[in-house]
Structures are given as structure tokens and as C-alpha cells.
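These notes are about the structure you will find just below.
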Amino acid sequence: KKFATELKFCEEVLAELKKPKHNSFANPFLEPVDPVALNIPHYFTVIKHPMDISTVSRKLKEGSYGNAKEFEKDVRQIFTNCYKFNPVGNAVREMGKQFENLFNTEWEK
Ligand SMILES: Cc1ccc(Nc2c(-c3ccc(O)cc3)nc3c(C)cccn23)cc1
């Protein structure tokens with residue numbers, strides 16, 4: 001796809017991920033994980049590439065993504081971080097699964 005239309009699509013997908021109606025499962029992924037607030041001081045020793053939707057949004061606005069693939073890579077980093085840190089059975093892990101499902105549905109449109 002032409003560069004501009006590719007990034008326009010990324011903006012549209014991001015807008016959908018941020019909609020309040022998805023808040024029940026998207027919430028933990030909208031802002032950077034705060035290890036102090038969450039009392040998980042070891043977070044940055046476990047997660048080498050922190051990522052969240054607000055950071056993806058900023059990078060998209062700043063023109064940091066050369067193409068849709070680079071955008072997708074950062075979004076999927078959010079999911080892999082979630083699954084690496086939150087063990088099976090943890091509620092946030094299940095929220096990550098729901099959030100990934102939403103992204104996959106929008107991304108394939
Ligand atoms: C002791 C403990 C265990 C698990 C968590 N996970 C967690 C995460 C999280 C999200 C993404 C991520 O890559 C890592 C963690 N976000 C939260 C929130 C918003 C509330 C409660 C728990 N949360 C927090 C504390």
C-alpha cells in the first residue's frame with residue numbers, strides 16, 4: 001500500500017483500540033506499565049522492551065514508523081510483554097488475550 005494510506009490505516013486501528021467500549025480489557029495496555037504503582041519493581045528486569053498504546057500513538061504521530069509492519073511490531077510487543085510477565089491464570093493475561101483478539105480482527109480488515 002502507499003505509505004500514507006498504510007499509516008492512515010494504522011491510525012484507524014489505533015483509534016478503535018482506544019475506544020472506551022474496550023476499556024474493560026484494554027485498560028492495562030493504554031499507558032506505560034508503572035512498576036512502582038503496581039508494586040512490581042522487577043518489571044524492567046523481566047521486560048526488556050516495554051511498550052504500550054500511548055507510546056505507539058506518540059511514535060505514529062512523530063513519524064517514527066516507516067511502514068505498517070513497524071507499527072504492528074510495536075503493538076504485538078505489548079502482547080508478548082503481557083504474556084511474559086503475567087502468568088497463566090492472571091486476570092491481566094486474559095485481558096491481553098482479549099486485546100490481542102481485537103487487534104487481530106481490526107488488523108485483518
Ligand atoms: C503483582 C502483580 C502481578 C501482575 C500485574 N500485572 C498487571 C499489569 C501488567 C500489564 C502489562 C504487563 O506487560 C505487565 C503487567 N497491569 C496491571 C494493572 C493495570 C492492574 C493490576 C495488575 N496489573 C501487576 C502486579
Side-chain angles (χ1 to χ4, degrees):
K1 281 190 199 166
K2 210 167 76 51
F3 176 73
T5 43
E6 218 174 284
L7 292 193
K8 183 93 187 69
F9 180 67
C10 293
E11 277 164 18
E12 288 161 6
V13 171
L14 212 48
E16 182 62 37
L17 297 182
K18 289 166 144 179
K19 280 183 181 170
K21 70 178 175 185
H22 303 307
N23 247 0
S24 62
F25 55 83
N27 181 272
F29 315 108
L30 298 179
E31 296 298 330
V33 171
D34 179 347
V36 175
L38 294 172
N39 191 23
I40 46 177
H42 56 300
Y43 184 71
F44 294 134
T45 63
V46 176
I47 299 301
K48 302 301 178 198
H49 304 286
M51 191 47 64
D52 69 284
I53 291 296
S54 75
T55 301
V56 172
S57 251
R58 175 180 56 72
K59 288 177 73 172
L60 188 60
K61 255 195 306 289
E62 289 170 351
S64 300
Y65 297 124
N67 56 46
K69 206 88 194 106
E70 290 175 8
F71 165 87
E72 179 186 14
K73 186 164 179 262
D74 265 359
V75 174
R76 295 200 184 284
Q77 186 70 56
I78 299 170
F79 310 141
T80 51
N81 289 348
C82 175
Y83 306 143
K84 182 172 187 185
F85 188 83
N86 297 289
V88 172
N90 180 294
V92 175
R93 186 187 184 89
E94 296 316 307
M95 293 162 83
K97 286 286 177 197
Q98 289 180 278
F99 199 49
E100 183 180 13
N101 289 341
L102 172 63
F103 176 70
N104 288 340
T105 304
E106 295 301 315
W107 195 241
E108 291 318 316
K109 279 182 180 170

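We count ligands from 1, going down the list as the structure has it; atoms in each ligand are counted the same way. The first residue of the sequence shown is numbered 1, and numbering continues consecutively from there.
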| query | Does a sphere of radius 6.0 Å around NE2 in His42 hold more than 12 heavy atoms from other residues, nucleotides or ligands, not counting ones at 6.0 Å or beyond? | reply | yes
| field | ligand 1 contact by Ile47, heavy-atom criterion under 4.0 angstrom | value | no
| Part of Asn39 within contact of ligand 1 (heavy atoms, under 4.0 Å) | neither
| request: For the residue pair Trp107 and Phe9, categorise the inter-ring angle as parallel (less than 30°), tilted (30 to 60°) or perpendicular (more than 60°). | output: tilted
| note | The protein heavy atom nearest to atom 19 (C) of ligand 1 is Pro28 CB, 3.9 Å
| task | Enumerate the atoms of ligand 1 whose separation from the nearest heavy atom of Ile40 is less than 4.0 angstrom. | result | 1 (C), 2 (C), 25 (C)
| field | Polar side chain donor-acceptor pair, Tyr43 to Asp34, under 3.5 angstrom | value | no
| message | Check this for me: does any side-chain nitrogen of one of Lys19 and Glu16 sit under 4.0 Å from a carboxylate oxygen of the other? | response | yes
| When you look at Asn104 and Glu108, which way does the side-chain hydrogen bond (donor to acceptor under 3.5 Å, both in side chains) test go after all the steps? | CA-CA 6 Å; Asn104 288 340; Glu108 291 318 316; over 6 Å; no
| query | So which protein heavy atom does atom 4 (C) of ligand 1 come closest to, and at what separation? | reply | Asn86 OD1, 3.2 Å
| request: Note the single closest protein heavy atom to atom 18 (C) of ligand 1, along with its residue, its atom name and the distance in Å. | output: Leu38 CD2, 3.6 Å
| Which ligand 1 atoms does Cys82 reach within 4.0 Å, using its non-hydrogen atoms? | 13 (O)
| field | Protein contact of atom 11 (C) of ligand 1 - nearest heavy atom, named by residue and atom, plus distance | value | Val33 CG2, 3.6 Å
| said: Just to confirm my output: which protein heavy-atom neighbour is closest to atom 13 (O) of ligand 1, and how far is it? | reply: Tyr43 OH, 2.8 Å
| Does the gap between the ring centers of His22 and Phe103 come in under 6.0 Å? | no
| task | Taking Glu6 for its side chain and Ala68 for its backbone only, find out whether a donor-acceptor pair lies under 3.5 Å. | result | yes
| request: Could you list the atoms of ligand 1 found under 4.0 angstrom from a heavy atom of Asn81? | output: 13 (O)
| query | What protein heavy atom sits nearest atom 23 (N) of ligand 1, and how far away is it? | reply | Val92 CG2, 3.5 Å
| field | NZ/Lys48: more than 12 non-hydrogen atoms of other groups inside 6.0 Å | value | yes
